[in-house]
Amino acid sequence: MESSAESFMQLALAAAQRVFTTTPNPRVGCVIVRDGVIVGTGLHEKPGEHHAEVNALLAAGELARGATAYVSLEPCCHFGRTPPCTQALINAGVKEVVYAMLDPNPLVAGKGVAALREAGIQVRGPVLEQEARAINRGFIKRMSEGLPFVRCKMAMSLDGRTAMASGESQWITGPAARADVQRLRAESCAVVTGVNTIISDNPSLNVREEQLQHPDAAEIAKRQPRRVIIDSSLRTPPESRILQLPGEVLFLVGAPHAQQRQRFAGSAAQIETLATVAGGRVDLRAAMALLAQQYQCNEVLLEAGPTLSGAMIQAALVDEVIIYIGAKFLGSDALPLLNLPGLRHMADHIGLRISDVADIDGDCRITARLINQ
C-alpha cells in the first residue's frame, strides 16, 4: 500500500514541478485515484486561478466520489484569491486525502488536515515529505523565516576567474550554459544584482523566450521576475538596458540626494529606501527581508559581481551557489570569483556541500549548499 501511495505521490510532485508561474503561491500538484486508477490530475498554474486540487477534481468529475486524492501540499482551508480546497474535496465526496507535507503558511499549518478529518475524510501523511519540501523550499523559507531562498549564480573559468582585468567577460561559458541560466531566472521571483554590474555590463537579466528550453516558454516569459538593483547611492544610469525592458524594476537604496532620485522621475521603476551599514551600504539582510515580506518573493536569484556576491555569502544570506565553469584559463591578472575579505585561516573557510555536478555541452555546472554559516 505504501509503495502505491508513494508512486501516486510521485506523480503529484511531478505535476507540481512542471510549473514556473505560481509565485507567490507554492507549487502544488494533485492526483485523484479511484480503485487504483488515476481519474484526474491537476496542478496550480497562476495566482488567482484554480488550485491543483480543484483542477484535479474537475478532471475527475463524478469519479472523484469515493476516490483518494494525493496532493503535494496540505490542502488550504482559508479564503484567499480562491475558495478553500478543503471544502472542494469535501463537496466532491473524496474518501481519503494523502498529503506530502503540511503547509508552513500559518493560515493553514495543520488546519487543512483537521478540517478534512472533521468532515469524516481519512487523511494520511506526510508521504515523500523531503521531495515535496525541495519543490517549495523558497515558499517554506519565506513562511518560516521571513526570508527568501537565495541562489547565487556565477560563471568562471577553470582557474576561477570571472572577467579579464579590463572587465571583459563575454563569454566565459557557451550558449547551452547561458540557456540553462534562463531556467534559473524563470523559476525565480526576483533577480538581484548590484549597481557595479549594471554600470560595467549593462545586463538585461530577463527571461528570454527564445533561449528558454521549455514547451511553455512563451507563457513562462510573460511573467518576468522582478529585477532588483542594490544601489546604495542610486548611481544607476537612467538609460540602462534593464530599465528599458518589460517587467518590474526595484531599486534598493540608502539615502540618495533628491537630484539623484529626480533622474528617475519618468521611470516606472520603484525605489525603496533601506537602513544602511558601514560605508553607507544597504543592509543586505533588510533587503532580503523586504523582498520576502513586502514583495512576497519565495526564490531569489543573485546575479552579481564578486563584491555583492561575496557580501551576501558572508552575511549568511545565500542558501545555494550555482557555478558554471567554462573550459578555459583567463590568467592571474583576471578578476576573482568572489571578494571574501577576512578569511585568514583554514578554520575561517566557508563550507559547501556539493549536491550536483553536470556537463552542459562542454561546460560544467556545480550546485552546492552552504553548510557552516
Side-chain angles (χ1 to χ4, degrees), residues 6 9-10 12-20 22-23 26-27 29 72-73 100-101 104 126-145 147-158 160 162 172-174 176-192 212-214 225 288 292 297-304 306 309-310 312-327 337-338 340 343 346 348-373:
E6 291 185 358
M9 188 62 77
Q10 285 283 12
L13 293 169
Q17 284 180 302
R18 293 205 303 267
V19 197
F20 290 75
T22 63
T23 182
R27 301 179 180 106
S72 63
L73 183 69
M101 62 171 286
V127 174
L128 300 183
E129 182 178 13
Q130 293 307 308
E131 291 87 337
R133 293 181 68 85
I135 292 172
N136 282 309
R137 55 194 182 176
F139 180 76
I140 293 167
K141 188 175 180 186
R142 178 166 71 88
M143 288 294 160
S144 61
E145 300 181 37
L147 292 169
F149 185 94
V150 179
R151 293 182 292 185
C152 178
K153 167 259 167 186
M154 297 173 280
M156 70 177 191
S157 62
L158 204 54
T162 61
I172 291 175
T173 57
R178 298 199 298 275
D180 195 59
V181 174
Q182 296 296 312
R183 173 186 57 82
L184 298 179
R185 290 179 185 171
E187 290 176 351
S188 302
C189 305
V191 177
V192 174
L212 185 60
Q213 298 172 354
H214 192 281
M288 293 303 105
C297 291
N298 296 326
E299 297 179 10
V300 164
L301 180 64
L302 177 63
E303 292 194 57
S309 296
M312 286 281 289
I313 288 172
Q314 289 193 303
L317 293 170
V318 172
D319 299 282
E320 184 176 79
V321 296
I322 301 174
I323 304 174
Y324 295 88
I325 304 174
L337 181 67
L338 292 167
L340 296 171
L343 305 184
M346 284 298 292
D348 299 328
H349 78 278
I350 296 171
L352 302 163
R353 178 176 291 113
I354 295 174
S355 57
D356 182 68
V357 179
D359 174 79
I360 310 289
D361 196 23
D363 294 320
C364 178
R365 183 191 66 209
I366 295 177
T367 304
R369 293 290 301 269
L370 283 92
I371 60 173
N372 70 340
Q373 292 187 286

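The figures here come from the full heavy-atom set of this structure, side chains too, leaving out hydrogens, waters and symmetry mates. Position 1 is the first residue of the sequence, and the numbers go up from there. Keep in mind that what you see is a predicted model, and the values were worked out from it rather than measured.
Listed here is the closest heavy atom pair of Ala15 and Gly29: CB-CA, 4.1 Å. For Gly362 against Ala327, the heavy-atom pair with the smallest separation is O-CB, 4.2 Å. Counting all heavy atoms, side chain and backbone alike, Leu301 lies closest to Ser188 at CB-OG, 3.4 Å.
Taking SG of Cys152 as the reference point, atom CD1 of Ile323 lies at 8.0 Å (rounded to 0.5 Å). Atoms CD and CD1, from Gln130 and Ile135 in turn, are 12.0 Å apart once rounded to the nearest 0.5 Å. Note that CG of Asn136 is 9.5 Å distant from CG of Leu13, once rounded to the nearest 0.5 Å. Met156 CE to Asp363 CG: the interatomic distance, rounded to the nearest 0.5 Å, is 11.5 Å. A distance of 9.0 Å separates CE in Met101 from OG in Ser72, rounded to the nearest 0.5 Å. Atom-to-atom distance recorded for Leu184:CG and Glu187:CD is 6.0 Å, nearest 0.5 angstrom.
Inter-residue side-chain proximity for Cys189 and Val300 is flagged as unmet; no heavy-atom pair is nearer than 4.5 Å. With contacts defined as side-chain heavy-atom distances shorter than 4.5 Å, the pair Glu145/Met288 does not qualify. Considering only heavy atoms from C-beta on, Ser144 stays 4.5 Å or farther from Pro104 through its side chain. For the pair Arg185 and Glu303, the minimum side-chain heavy-atom distance is below 4.5 Å. At a threshold of 4.5 Å between non-hydrogen side-chain atoms, the residues Met154 and Thr162 do not count as touching. At least one side-chain heavy atom of Leu128 sits less than 4.5 Å from a side-chain heavy atom of Gln10. No side-chain heavy atom of Leu343 sits under 4.5 Å from any side-chain heavy atom of His349. At least one side-chain heavy atom of Thr173 sits less than 4.5 Å from a side-chain heavy atom of Tyr324.
Without hydrogens or angle criteria, Asp359 side chain to Cys364 main chain gives no donor-acceptor distance under 3.5 Å. Looking at Arg151, its side chain never comes within 3.5 Å of a backbone N or O of Ile322 through a donor-acceptor pair.
Using a cut-off of 4.0 Å between Lys/Arg side-chain N and Asp/Glu carboxylate O, Arg142 and Glu299 are scored as not salt-bridged.
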Working for side chain to side chain contact (heavy atoms under 4.5 Å, CB included), residues His214 and Phe20: CA-CA 10 Å; His214 192 281; Phe20 290 75; 3.3 Å; yes

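Not a single ring-ring contact (aromatic ring centres under 6.0 Å, His included) links Phe149 to another residue, sequence neighbours left out.
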List the atom pairs, with distances to 0.1 Å, where a side-chain N or O of residues 350-357 and a protein N or O form a donor-acceptor pair under 3.5 Å, not counting sequence neighbours.
residue: Ser355; atom: OG; partner: Thr367; partner atom: O; Å: 3.3
residue: Asp356; atom: OD2; partner: Arg365; partner atom: NH2; Å: 3.3

